[in-house]
Amino acid sequence: MSSNPVAATVASLMPRAKEELTELVAFKSVADFGQFPREESEGAARWIAGALTAEGFEDVALLDTPDGTQSVYGRLPGPEGAKTVLLYAHYDVQPPLDDSGWTTPPFELTERDGRWYGRGTADCKGGFIMHLLALRALKANGGVPVHVKVIVEGSEEQGTGGLERYAEEHPDLLTADTIVIGDAGNFRAGLPTVTSTLRGMTLVRVRIDTLEGNLHSGQFGGAAPDALAALVRVLDSLRAEDGTTTVDGLAGDSAWDGLQYADEQFREDAKVLDGVELIGSGTVADRIWARPAVTVLGIDCPPVIGATPSVQASARALVSLRVPPGVDAAEATALLRAHLESHTPWGARVSTEQIGQGQAFRADTTSPAYRAMADAMAVAYPGQEMSYAGQGGSIPLCNTLASLYPKAEILLIGLSEPEAQIHAVNESVSPDELERLSVAEALFLRNLASGAH
């Protein structure tokens, strides 16, 4: 790959990329301001705005979106009459979870065993660095042949929809012929992959109340209705015996007809403990890309340490439902809320509240942009043919952009291959993947401009 001038330039820029990613990872930019200071997210946004300005971007702005966070926008003019490409990433990150589970501090980029560790290295601060590398390589080798817009979101992980609503209110801002979402990843490291579908999602908070207050379990237990026990019953009703998601009225038998995911490979990627079974039925690809999946994200109840012998009067849970392409997320939300309410036992009082929602996405893989990306990937990954895979996660902005700009071609690439362990402790990025995907993106932009694909 080094014989290619673009590839050689990207290789020479990797030390700088590591320094910049180190600076960006240091911001604790979790867009949950009840847990993390707003200043950390705003600092990350300013850093990105500064990086865009330094690269010659115009109209660089911090966009105050309706959910109280900031997205960063910039525009880099290209040759007259050239196509416009929108490059997307997000700078907000998931909480680090239990810091003690990290081998090295989550907000300090640390190199270990050939990978760079830290929260956001792959998801998705590394995605922004990928865009910078691609543009710098093109500028050093004849110039950027297209008009470029960059949008870096500040609340993607929270699912609060700030950028989606901002885009809807300012529909001219993000108009583009082609959109590259840098928030996906290769099926495995070294296998170039474009994500062709995304599951949507909904978040619902459920609360169950049974008593005016907690009661002594010896004096009242056995007859007094326990809110926590009722909640456990409700949550258990969301799964069949084999673990398949079962929401009343929601179909769960769709099949995936593309790239398959071997059971043993999935067990290894997911780090499933020996002797523990996978859940659900059908192929792994069916289960994670084509079917709904419910997850209990959190429960409010007394912790084990310090618990008292009490019958609980109230209990809450936050439930996530991943929604496959072809299913309307609003309809799925209504079905989930109805299920939670109808399965609450003992006449307990139940309330549900929608917290977040995003639609599923399916790309048109027959478009010219996909052929341009396949040619670019073949150079960046010699001997490898580009594959198409689904992704179980959600990027709500994709459907917003598809609705606003129905003629735009949308591609999803990125750094979140299985070893990256995004959303988990010890998240990391492969610098080899960062380098190769930056090359691929640069060559893709050149192919797109020339029509040589």
Side-chain angles (χ1 to χ4, degrees), residues 1-14 17 82-83 85-89 114 122 126-127 129-146 148 177-197 257-261 265 285 363-391 408-420 429-453:
M1 189 173 68
S2 60
S3 60
N4 183 292
V6 168
T9 301
V10 171
S12 72
L13 291 170
M14 288 301 292
K83 294 181 177 180
V85 179
L86 175 67
L87 305 178
Y88 167 91
I129 300 299
M130 175 184 73
H131 295 326
L132 286 184
L133 282 170
L135 296 174
R136 287 168 178 163
L138 288 172
K139 289 166 69 174
N141 291 277
V144 180
V146 294
V148 174
D177 300 294
T178 303
I179 300 168
V180 179
I181 305 290
D183 190 25
N186 287 341
F187 180 67
R188 64 173 183 273
L191 179 64
T193 309
V194 170
T195 298
S196 57
T197 67
D257 60 3
L259 183 70
Q260 292 299 310
Y261 205 153
Q265 183 64 56
D364 176 11
T365 59
T366 65
S367 69
Y370 279 81
R371 295 194 293 274
M373 183 61 79
D375 290 345
M377 291 284 202
V379 176
Y381 292 83
Q384 295 282 359
E385 184 176 343
M386 187 177 80
S387 297
Y388 299 92
Q391 181 172 298
E409 301 171 290
I410 301 178
L411 300 94
L412 294 98
I413 62 173
L415 303 167
S416 300
E417 38 80 27
E419 290 182 68
V429 70
S430 162
D432 290 339
E433 289 287 270
L434 174 59
E435 181 176 344
R436 290 182 183 275
L437 284 166
S438 301
V439 172
E441 182 167 276
L443 297 178
F444 163 75
L445 295 176
R446 185 178 283 179
N447 290 346
L448 202 64
S450 67
H453 51 267

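For this chain, numbers begin at 1 and follow the sequence in order.
Applying the side chain to side chain donor-acceptor pair (under 3.5 Å) rule to Glu419 yields no partners; only residues at least two apart in sequence or on another chain are considered. Checked against ring pair (Phe, Tyr, Trp, His ring centres under 6.0 Å), Tyr261 has the following partners two or more places apart in sequence or in another chain: Phe187, Phe266. For Gln384, the side chain to side chain donor-acceptor pair (under 3.5 Å) test picks out no residue, with sequence neighbours left out. Residues satisfying the side chain to side chain contact (heavy atoms under 4.5 Å, CB included) criterion with Thr178, sequence neighbours excluded, are Val85, Ala369, Glu409, Leu411, Phe444, Leu448. Scanning for side chain to side chain contact (heavy atoms under 4.5 Å, CB included) contacts around Ala11 gives Glu435, with sequence neighbours left out. Partners of Ala363 according to the side chain to side chain contact (heavy atoms under 4.5 Å, CB included) rule, which considers only residues two or more places apart in sequence or in another chain, are Phe361, Tyr370. Annotation: side chain to side chain donor-acceptor pair (under 3.5 Å) contacts of Asp183 (sequence neighbours excluded): His90. Evaluation of the side chain to side chain contact (heavy atoms under 4.5 Å, CB included) rule for Asn141 yields Pro5, Val6, Thr9, Arg446 as partners, not counting sequence neighbours. Annotation: side chain to side chain donor-acceptor pair (under 3.5 Å) contacts of Asp432 (sequence neighbours excluded): none. When the salt bridge (Lys or Arg N to Asp or Glu O under 4.0 Å) test is applied to Glu417, the partners found at least two apart in sequence or on another chain are Arg115.
Under the 3.5 Å distance criterion, the side-chain polar atoms of Gln391 are left unmatched by any main-chain donor or acceptor of Thr197. Between the side chain of Glu385 and the backbone N or O of Gly383, no donor-acceptor pair lies under 3.5 Å.
Contact detail for Ala137 and Leu13: the closest heavy-atom pair is N-CD1, 4.4 Å.
Separation of atoms CG (Leu437) and CD1 (Ile129) is listed at 14.0 Å; rounding is to 0.5 Å.
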